[in-house]
**Student:** 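The structure's right below; bear with me while I get my questions together.
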Amino acid sequence: MAVWLLKTEPGEFSIDDLAERGSDGEPWNGIRNYQARNFLREMQVGDLVLIYHSACATPGIVGLAEVIRDAYPDPDALNPESRYFDPKSHADNIRWSLIDVRFLQKYSAPLSLKAIKAEPSLGEMKLVNSSRLSVSPVTEAEYQTLCSLLHVDAMGNALD
DNA sequence: GCCAACGTTGGC
DNA sequence: GCCAACGTTGGC
């Protein structure tokens, strides 16, 4: 089971919005970057997903989700009415993919980007050194360190 | 709102 | 296939 990190702007779609979706989950659409898309295609049902809030007052990791549907072609790419319309995609060749995720946890104490950057052993995180990538893998070691800083277990439950 | 970083596009 | 122009991301 792999661990990933997905960015979202809370003004667009926040961890609270994901929580409201409950077990139905949410299609994580709108990824329009090849590197990010390729990571999406590697994701599998059951993989864990750290949810990161960007472009907000305190950017950081705010919660945990899980993948509930493997990557599939993004129908928005074919819809001229969609903000995610892609004129270069065609019905027999859609360039973009998405996955579905569902809410697991909202951390009572989020982990800020500032705190992540302050931890030397997290210096190789894609989040840190490839800062514009909206979908990125998290290594097992990185995940353990993050959980430790968040004071949670691997399933996001608070440790006291 | 500024702007640095960087991915994408398209002319040549 | 190079690279300048352009658009987007996202921290600050």
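All values derive from a computational prediction rather than experimental measurement.
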**Student:** How close or far is atom P of C:dT9 from atom CD of A:E9, stated in whole angstroms?
**Tutor:**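 Whole-Å distance recorded here is 7 Å.
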**Student:** What do the steps show when you test A:F103 against A:I51 for side chain to side chain contact (heavy atoms under 4.5 Å, CB included), and what is the final call?
**Tutor:** CA-CA 9 Å; A:F103 175 84; A:I51 302 296; over 6 Å; no
**Student:** Classify the side-chain pair A:D86/A:S89 by whether it contains a donor and acceptor separated by less than 3.5 Å.
**Tutor:** yes
**Student:** Nearest to the side chain of A:R95, which nucleotide is it out of B:dT9, C:dG10, B:dT8?
**Tutor:**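 Looking only at side-chain atoms, A:R95 lies closest to B:dT9.
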**Student:** Any base atoms under 4.0 Å from A:K117, or only sugar-phosphate, or nothing? Heavy atoms, all strands.
**Tutor:**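 Sugar-phosphate only.
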**Student:** Can you measure A:D86 atom CG to B:dT8 atom P for me and round it to whole angstrom units?
**Tutor:**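 After rounding, the reported distance stands at 12 Å.
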**Student:** OP1 or OP2 of C:dG10 sitting under 4.0 Å from any side-chain N/O of A:K7?
**Tutor:**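 Checking A:K7 against C:dG10: at least one side-chain N or O falls below 4.0 Å of OP1 or OP2.
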**Student:** Please report, rounded to the nearest Å, how far the P atom of C:dG10 is from the CE atom of A:M125.
**Tutor:**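 The distance from CE of A:M125 to P of C:dG10 comes to 14 Å, rounded to the nearest Å.
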**Student:** Going by the angle between their ring planes, with limits at 30° and 60°, are A:W28 and A:F13 parallel, tilted or perpendicular?
**Tutor:** perpendicular
**Student:** Using only side-chain N and O atoms of A:Y34, determine if any of them is under 4.0 Å from OP1 or OP2 of B:dT9.
**Tutor:** no
**Student:** Between C1' on C:dG11 and CD1 on A:I61, what's the gap in Å once rounded to a whole number?
**Tutor:**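 That distance rounds to 16 Å.
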**Student:** Whole angstroms only, please: what is the CG-P distance between A:L127 and C:dT9?
**Tutor:**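 From A:L127 CG to C:dT9 P: 16 Å.
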**Student:** Could you pick out which residue, A:Q35 or A:K88, lies toward the 5' side of DNA chain B when each is mapped onto its nearest nucleotide?
**Tutor:**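 Here A:Q35 is the residue nearer the 5' end.
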**Student:** Using 4.0 Å as the upper bound for N to carboxylate O, is an ion pair formed by A:D74 and A:R32?
**Tutor:** yes
**Student:** Does A:R132 contact C:dT8 through a side-chain donor or acceptor facing the base, at a distance under 3.5 Å?
**Tutor:** yes
**Student:** Take the protein atom CG of A:N129 and the nucleotide atom P of B:dC6, then report the distance between them rounded to whole Å.
**Tutor:** 10 Å
**Student:** For A:N38 and B:dT8, give me the distance from atom CG to atom P, rounded to whole Å.
**Tutor:**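 It is 10 Å, rounded to the nearest whole Å.
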**Student:** Show, in sequence, the C-alpha distance, side-chain angles and deciding distance for A:R102 and A:D24, and conclude whether the side chain to side chain contact (heavy atoms under 4.5 Å, CB included) test is met.
**Tutor:** CA-CA 7 Å; A:R102 104 174 143 197; A:D24 290 341; over 6 Å; no
**Student:** Please report the distance, rounded to the nearest Å, between NZ in A:K114 and P in C:dC12.
**Tutor:** 9 Å
**Student:** Of all the choices, B:dT9, C:dG11, B:dA5, which nucleotide is nearest to the side chain of A:Y52 once you look at every atom?
**Tutor:**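 That would be C:dG11.
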